[in-house]
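Computed from heavy atoms alone, side chains included, the values below leave out hydrogens, waters and symmetry copies.
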Amino acid sequence: MAENNYSVTTEFILVGFSDHPDLKTLLFLFFSVIYLVTMIGNLGLVVLIYMERRLHTPMYIFLGNLALMDSCCSCAITPKMLQNFFSVDRKISLYECMVQFYFLCLAETTDCFLLAAMAYDRYVAICNPLQYHTMMSMKLCLQMTIGAYIAGNVHPMIEVGLLLRLKFCRSHVIKHFFCDVLPLYRISCTDTHINELILFILAGSIQIFTIIIVLVSYFYILFTIFTMKSKEGRGKALSTCASHFLSVSIFYGSLNFMYAQPHSVNEGDKDIPVAIFYTLVIPLLNPFIYSLRNTEVINVMKKTMKKK
């Protein structure tokens, strides 16, 4: 009966960074630069991998798709955030909200499976180099990539479907800079325990499954590297894997902190700093982490620039 005293909300206000009105111009410029560099870095990497036949190998196909998903993540979040810096009402409709969360969830889930696929690829390349083309065929690479996109779409479909069952009548103010699932739970007047449980199970299962693949792959990789007799071979192998392992550690650390903890829905004060990290900083860093530590990508970039 108490719920009938509220009017159901179909439009929200994204509070974002409105607590810092004096800094809005500076923050707008700062996040605009991050967005521009992120899109140039990631889409540039996608185009480079697509155009250069030397990079048509499983590792670079996974890397290109990872860059594409990082671009998707930035496109889902940043334009609306930048618009809200100078918007009077900062409104977003319920369906815009669902679309924004869908593409964010798609990007993050697909990234998990792509990073796991990249770890397996590095395991085969270092531990079974003579059987690499047999064990890591282009057919298997395409199957793993398609599987990552299927899983990436199924997860947000479930989450958005569960969000649409909620009624938002407690408040129309989202204390965040985008429509994330946890802030939406906090303003729902419908019981969210089922949503929270399924989010915890799905997010936790995806992270555990993909992290196990990464950890097992790197256990064998490190074992193989440290049994190599050649120092040069050890250095080259470590250099090849370091960028991927760094990216994996940052990505999974922030996601685990955000979604895979049982009571994370109640910890609103921690949302924004962590969300900035995994939605804006990681997509910005990934193309540079992979490109600047990858001799083959650097050589292809130099060759392309010389041609121009």
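Between the side chain of Ser71 and the backbone N or O of Ala67, at least one donor-acceptor pair lies under 3.5 Å. Side-chain N or O atoms of Ser87 include none that pairs as donor or acceptor with a backbone N or O of Gln83 at under 3.5 Å. Between the Asn42 side chain and the Pro283 main chain, a donor and an acceptor come within less than 3.5 Å of each other. Distance alone, capped at 3.5 Å, is enough to place a donor-acceptor pair between the Glu96 side chain and the Ser93 backbone. Put simply, the side chain of Ser205 gets close to the backbone of Ile201: a donor and an acceptor are under 3.5 Å apart. A donor-acceptor pair under 3.5 Å is absent between the side-chain atoms of Arg90 and the main chain of Asn84, judged by distance alone.
Looking at heavy atoms from C-beta onward, Tyr278 lies in side-chain contact with Glu108 at the 4.5 angstrom threshold. Put simply, the side chain of Leu199 reaches to within 4.5 Å of the side chain of Leu182, judged on heavy atoms. Side-chain contact between Asn195 and Arg165 is present, with heavy atoms from C-beta onward closer than 4.5 Å. Leu14 has its side chain out of reach of Phe177: every pair of non-hydrogen atoms, C-beta onward, lies at least 4.5 Å apart. Annotation: side chain of Leu66 is not in contact with side chain of Met69 (no heavy-atom distance under 4.5 Å). In this structure, the side chains of Ile187 and Val173 stay at 4.5 Å or more apart for every pair of heavy atoms. Between Thr227 and Phe223, some side-chain heavy-atom pair lies under the 4.5 Å cut-off. Side chains of Thr224 and Tyr123 form no contact here, defined as non-hydrogen atoms less than 4.5 Å apart.
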Output side-chain donor-acceptor pairs under 3.5 Å for residues 151-162, partner residues at least two apart or in another chain, one line each.
residue	atom	partner	partner atom	Å
Asn153	OD1	Tyr102	OH	2.7
Asn153	ND2	Tyr149	O	2.8
His155	ND1	Thr109	OG1	2.9
His155	NE2	Glu159	OE2	3.3

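Not counting sequence neighbours, the partners of Phe31 by the ring-ring contact (aromatic ring centres under 6.0 Å, His included) test are Phe17. Qualifying side chain to side chain contact (heavy atoms under 4.5 Å, CB included) partners for Ala76, counting only residues two or more places apart in sequence or in other chains: Phe103. Evaluation of the side chain to side chain contact (heavy atoms under 4.5 Å, CB included) rule for Cys141 yields Pro58, Ile61, Phe62, Met136, Thr145 as partners, not counting sequence neighbours. Evaluation of the ring-ring contact (aromatic ring centres under 6.0 Å, His included) rule for Phe28 yields Phe86 as partners, not counting sequence neighbours.
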>> Between Leu163 and Met98, does the side chain to side chain contact (heavy atoms under 4.5 Å, CB included) criterion hold? Intermediate values first, please.
In response: CA-CA 8 Å; Leu163 279 173; Met98 296 300 106; 3.8 Å; yes
>> Does Leu280 form a side chain to side chain contact (heavy atoms under 4.5 Å, CB included) with Thr38? I'd like the steps, not just the answer.
In response: CA-CA 8 Å; Leu280 302 177; Thr38 298; over 6 Å; no
>> I'd like to know whether Gln143 forms a side chain to side chain contact (heavy atoms under 4.5 Å, CB included) with Ile146, so could you lay out the CA-CA distance, the side-chain angles of the two residues, the decisive distance to 0.1 Å, and finally the verdict.
In response: CA-CA 5 Å; Gln143 287 173 342; Ile146 292 168; 5.9 Å; no
>> Pair Val37, Phe288 - check side chain to side chain contact (heavy atoms under 4.5 Å, CB included), show working.
In response: CA-CA 10 Å; Val37 174; Phe288 298 100; 3.7 Å; yes
> Between Glu196 and Thr192, is a side-chain hydrogen bond (donor to acceptor under 3.5 Å, both in side chains) present by the stated rule, with each step listed?
Replying inline: CA-CA 6 Å; Glu196 291 174 42; Thr192 61; 2.6 Å; yes
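Closest heavy-atom contact between Pro79 and Tyr35: CG-OH, 3.7 Å. Closest non-hydrogen pair, Tyr132 versus Met59, comes out as OH-N, 4.3 Å. Of all heavy-atom pairs spanning Asp180 and Leu104, the tightest one is OD1-CD2, 4.3 Å. What you find for His172 and Glu11 is that their closest heavy atoms are CB-O, 3.6 Å.
The distance from atom OH of Tyr218 to atom CD1 of Ile225, rounded to the nearest 0.5 Å, is 8.5 Å. The CG atom of Leu55 sits 6.5 Å away from atom OG1 of Thr57, with the distance rounded to the nearest 0.5 Å. Atoms CD1 and CD1, on Ile92 and Ile13 in that order, are 12.0 Å from each other to the nearest 0.5 Å.
For Ile194, the CD1 atom sits in a loose shell: 12 or fewer heavy atoms of surrounding residues, nucleotides or ligands are nearer than 6.0 Å.
Under the disulfide (SG to SG under 2.5 Å) criterion, the residue pairs touching residues 36-99 are Cys97-Cys179, with sequence neighbours excluded.
Grouping the Ile, Leu, Val, Met, Phe, Trp and Tyr side chains by contacts below 4.5 angstrom, directly or via other members, places Tyr220 with Leu222. Transitive grouping of hydrophobic side chains (ILVMFWY, heavy atoms separated by less than 4.5 Å) brings Met81 and Leu23 into a common cluster.
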